[in-house]
Amino acid sequence: MRSFFSLLLFCILFLASVAGAQTLTLSGSALVVPQKFQKYYDSAQTVNLPSGFTASVYYTGALVSPRFMGFAPDGNLCVADDNLGTIFEILDSNGTGDTAIAIATNTENAHSLAFHRGSLFAASTNRIWRYDHPNASGIYSNPTLFIDSLGSTAEGSTNHTTRTLLFDDVTQALYISDGSACNACRENEDDTERGTILRFDTDGKHRSVYATGLRNAVGLALDSTHALWATVAERNDQGEDVPGDLVTAIDSNRFYGWPLAYGNHQWDDFSLDSEYEALLPLTHEDSVNVANMRVPDGTEPAHSTPLGILYTENTNLPAMYRHAFFVAIHGSYPGADGRFVANGSKIILLTNSSGVWTNEDFCTGFLTDSINYIRWARPAGIIMDRKGNVYFSDDNTSPHAPPAIFKISYNANDAVATAEHSLAVDVVQNGSTADIRVNNYSGSVPNVSLYDIMGRERKVVKQSAFTNEITLDLSPLEHGIYFVLIRTSDGTILRSLLR
């Protein structure tokens with residue numbers, strides 16, 4: 001019996017490889033560069049996107065290190081410039097940013113922003129500022145201190161200084177990420193909030209630690225149930241390929257592994273670096289924490305650095321992009337504690353199928369030479385407007401292109417049928433026949449093949465009353481499990497049959 005199920009599993013995996021996974025198909029297209037920005041970009045620059053999507057330069061010019069974004073009450077896009085300590089509002093005409101207006105200054109390396117109940121909030125390294133009552137030109141002045149003492153001023157081997165804030169009016173919560181002061185170290189009495197996500201009430205009161213063991217949680221997002229999600233840049237000096245960076249739901253009062261373990265309860269190699277050696281000896285509490293740590297929902301290749309995260313239910317996008325996350329992958333850095341061959345610098349799509357989260361590349365093409373680390377954009381923040389347009393900030397500092405904000409738009413008229421349509425397949429068995437109907441039909445004649453449990457194709461008589469309806473005569477087949485492989489121009493799907 002065990003060999004039967006092993007054989008069945010092998011066959012399913014084999015046929016799945018024949019059918020091909022439900023993946024996004026990317027194709028190269030020219031980056032759309034408005035005339036006023038063409039002096040900054042190579043006319044041959046391309047991006048790789050699914051059918052129906054185009055990418056354009058939305059704004060460049062005044063920005064130095066644009067990070068996370070938000071929409072002002074007037075609908076204009078705003079961005080926090082970490083380097084300049086400034087919140088910019090991008091004035092828009094005809095779908096393109098015309099100019100950047102500094103609406104809040106002296107924000108102390110603000111990394112993120114939020115508009116909430118008529119006020120602008122900016123998250124700097126050690127505090128949150130609140131700006132009230134803009135003037136007639138939309139300029140905010142005279143900030144008040146909203147939350148103080150985020151992180152300590154003490155620096156370790158890797159002092160994470162970015163802070164991200166996220167309001168949730170449904171649960172009346174304000175979440176703030178507080179990265180660690182080091183790559184791998186134990187918290188001390190003065191640093192109990194480092195390497196955590198903090199929770200406050202939306203008025204800034206009732207401060208508490210929401211989750212721990214997070215080396216550097218950067219991006220924060222809420223899904224449709226208002227569950228908190230985060231991207232996490234994981235530790236260095238464990239190798240080029242471990243541990244993977246995280247994109248995961250964040251549960252209250254849960255431990256996520258740092259600095260002791262990662263992934264599925266995998267302990268660090270404490271012999272690799274003096275920082276890790278200093279974590280020894282391990283305690284009983286360490287063992288209990290690691291045994292109960294939350295296994296992440298998704299991981300990205302080590303050192304790829306996921307930053308911005310965006311959850312979307314926008315109905316202006318095809319169904320496969322709803323109830324999904326877009327994640328900005330900033331990209332690795334060179335050196336002994338990074339990667340010698342670059343990865344990342346792209347946007348991925350994280351989707352859930354049968355309770356399992358998987359990711360696929362959504363927008364690539366920015367990394368043009370992984371050996372020499374040549375890239376003309378590094379996605380950082382990511383946000384979506386009501387129409388379904390995706391904006392991402394690029395804080396790239398290479399000589400190949402300036403920091404910018406890009407816009408990704410979808411036009412259904414430009415799209416070809418996608419693989420999601422192939423999921424609409426009905427297979428009905430009537431004794432010795434199987435009736436197959438392909439719905440959401442695009443016009444091409446479906447190609448139907450049948451395989452036995454050994455992965456061998458079996459010849460059967462096919463009768464078609466309509467081009468999208470096929471009847472298989474199963475009477476010549478022995479009793480057992482079979483698999484039907486249905487290919488159309490819309491995609492491929494695999495279904496099982498019991499004869």
Side-chain angles (χ1 to χ4, degrees), residues 59 61-92 97 99-155 159-169 172-179 193-194 196-208 210 217-220 307-308 380-381 383 391 393 395 403 405:
Y59 175 78
L63 307 175
V64 175
S65 183
R67 300 290 276 192
F68 285 14
M69 297 170 285
F71 287 104
D74 61 9
N76 283 329
L77 183 67
C78 296
V79 61
D81 194 300
D82 186 24
N83 186 280
L84 296 177
T86 300
I87 307 298
F88 287 102
E89 181 172 356
I90 312 299
L91 303 185
D92 184 322
T99 188
I101 302 298
I103 61 171
T105 57
N106 300 319
T107 59
E108 298 181 319
N109 301 100
H111 172 262
S112 69
L113 66 103
F115 290 92
H116 186 254
R117 295 178 180 173
S119 298
L120 167 63
F121 295 81
S124 63
T125 299
N126 299 118
R127 51 187 64 88
I128 307 295
W129 297 99
R130 186 183 70 200
Y131 297 78
D132 300 315
H133 311 303
N135 63 22
S137 300
I139 308 300
Y140 294 83
S141 58
N142 301 320
T144 58
L145 184 60
F146 185 62
I147 294 173
D148 197 7
S149 303
L150 292 174
S152 69
T153 57
E155 292 191 11
N159 190 39
H160 299 107
T161 60
T162 60
R163 304 287 175 259
T164 304
L165 75 162
L166 175 67
F167 284 97
D168 180 10
D169 281 334
Q172 292 298 300
L174 166 61
Y175 300 102
I176 302 175
S177 63
D178 195 345
E193 293 181 345
R194 301 301 296 265
T196 71
I197 293 176
L198 305 177
R199 185 198 183 281
F200 301 76
D201 291 344
T202 53
D203 60 4
K205 299 177 181 179
H206 299 111
R207 181 179 190 140
S208 63
Y210 187 76
V218 185
L220 300 178
L307 294 183
I383 197 169
Y391 302 82
S393 61
D395 64 349
I405 296 175

Q: Minimum heavy-atom separation for Ala62 to Tyr59, with atom names?
A: N-OH, 3.0 Å
Q: List the steps and the verdict of side chain to side chain contact (heavy atoms under 4.5 Å, CB included) for Ile147 and Arg207.
A: CA-CA 10 Å; Ile147 294 173; Arg207 181 179 190 140; 4.0 Å; yes
Q: When rounded to the nearest 0.5 angstrom, what is the spacing between CD1 in Ile128 and OG1 in Thr144?
A: 12.0 Å
Q: Is a side-chain N or O of Asp169 found less than 3.5 angstrom from the main chain of Gln172, in a donor-acceptor match?
A: no
Q: Are Pro66 and Asp395 packed together at the side-chain level, in the sense that at least one heavy-atom pair is separated by less than 4.5 angstrom?
A: yes
Q: Check whether any side-chain N or O of Asp201 sits under 3.5 Å from a backbone N or O of Asp203 as a donor-acceptor pair, and report yes or no.
A: no
Q: Taking the side chain as every heavy atom from C-beta outward, state whether Leu145 and Trp129 have any atom pair closer than 4.5 Å.
A: yes
Q: In Å and rounded to the nearest 0.5 Å, what is the CD1 to OG distance from Ile197 to Ser208?
A: 11.5 Å
Q: Would you say the side chain of Glu108 lies within less than 4.5 Å of the side chain of Asn126, judging by non-hydrogen atoms?
A: no
Q: I need the minimum non-hydrogen distance between Thr105 and Tyr131, along with the two atoms involved.
A: O-OH, 3.2 Å
Q: Counting only N and O atoms by type, is there a donor-acceptor contact under 3.5 Å from the side chain of Thr125 to the main-chain atoms of Thr161?
A: yes
Q: Evaluate the side-chain proximity of Asp74 to Glu89: yes if any heavy-atom separation is below 4.5 Å, no if none is.
A: yes
Q: Find out whether Ile101 and Phe88 are in side-chain contact, i.e. whether some heavy atom of one side chain is under 4.5 Å from a heavy atom of the other.
A: no
Q: Work out which heavy atom in Ile90 is nearest to a heavy atom in Gly97; give both atom names and the distance.
A: CG2-CA, 3.6 Å
Q: Nearest 0.5 Å please: distance from the CG atom of Leu174 over to the NE2 atom of His116.
A: 8.5 Å
Q: Indicate the ring-plane relationship of Tyr140 and Phe115, choosing parallel, tilted or perpendicular according to the 30° and 60° boundaries.
A: tilted
Q: Could you check whether the rings of Phe121 and Phe146 sit parallel, tilted or perpendicular, using 30° and 60° as the cut-offs?
A: perpendicular
Q: Show the numbers, then the answer: is there a side chain to side chain contact (heavy atoms under 4.5 Å, CB included) between Leu77 and Phe71?
A: CA-CA 5 Å; Leu77 183 67; Phe71 287 104; 3.8 Å; yes
Q: Any side-chain heavy atom of Ile176 sitting closer than 4.5 Å to one from Asp178?
A: no
Q: How close do Arg117 and Thr202 get, heavy atom to heavy atom, and via which atoms?
A: NH1-OG1, 3.7 Å
Q: How long is the straight-line distance from OG of Ser65 back to CG of Asn83, given to the nearest 0.5 Å?
A: 6.0 Å
Q: Quick one: does His133's side chain get under 4.5 Å of Asn142's, heavy atoms only?
A: no
Q: What closest approach, in Å, do Ala102 and Thr86 show between heavy atoms, and which atom pair accounts for it?
A: CB-CG2, 3.6 Å
Q: In sequence, state the C-alpha distance, the side-chain angles, and the governing distance for Ser119 and Asp132, and then conclude on side chain to side chain donor-acceptor pair (under 3.5 Å).
A: CA-CA 5 Å; Ser119 298; Asp132 300 315; 2.3 Å; yes
Q: Treating Arg163 as the side-chain partner and Ser124 as the backbone partner, does any N or O pair qualify as donor plus acceptor under 3.5 Å?
A: no
Q: Are a donor atom and an acceptor atom from the side chains of Arg194 and Asn159 found within less than 3.5 Å of each other?
A: yes
Q: Out of Thr162, Val79, Thr164, which residue meets the side chain to side chain contact (heavy atoms under 4.5 Å, CB included) rule with Phe68?
A: Thr164
Q: Could you walk me through whether Thr107 and Leu113 pass the side chain to side chain contact (heavy atoms under 4.5 Å, CB included) check?
A: CA-CA 10 Å; Thr107 59; Leu113 66 103; over 6 Å; no
Q: Taking Gly381's backbone N and O only, do any of them form a donor-acceptor pair with Ser393's side chain (distance below 3.5 Å, no angle check)?
A: yes
Q: Atom OH of Tyr391 and atom CD1 of Ile383: how far apart are they, to the nearest 0.5 Å?
A: 9.5 Å
Q: Between Cys78 and Ile103, is there a side-chain heavy-atom distance shorter than 4.5 Å?
A: yes
Q: Could you grab the distance from atom CZ of Phe167 to atom CZ of Phe200, nearest 0.5 Å is fine?
A: 10.5 Å
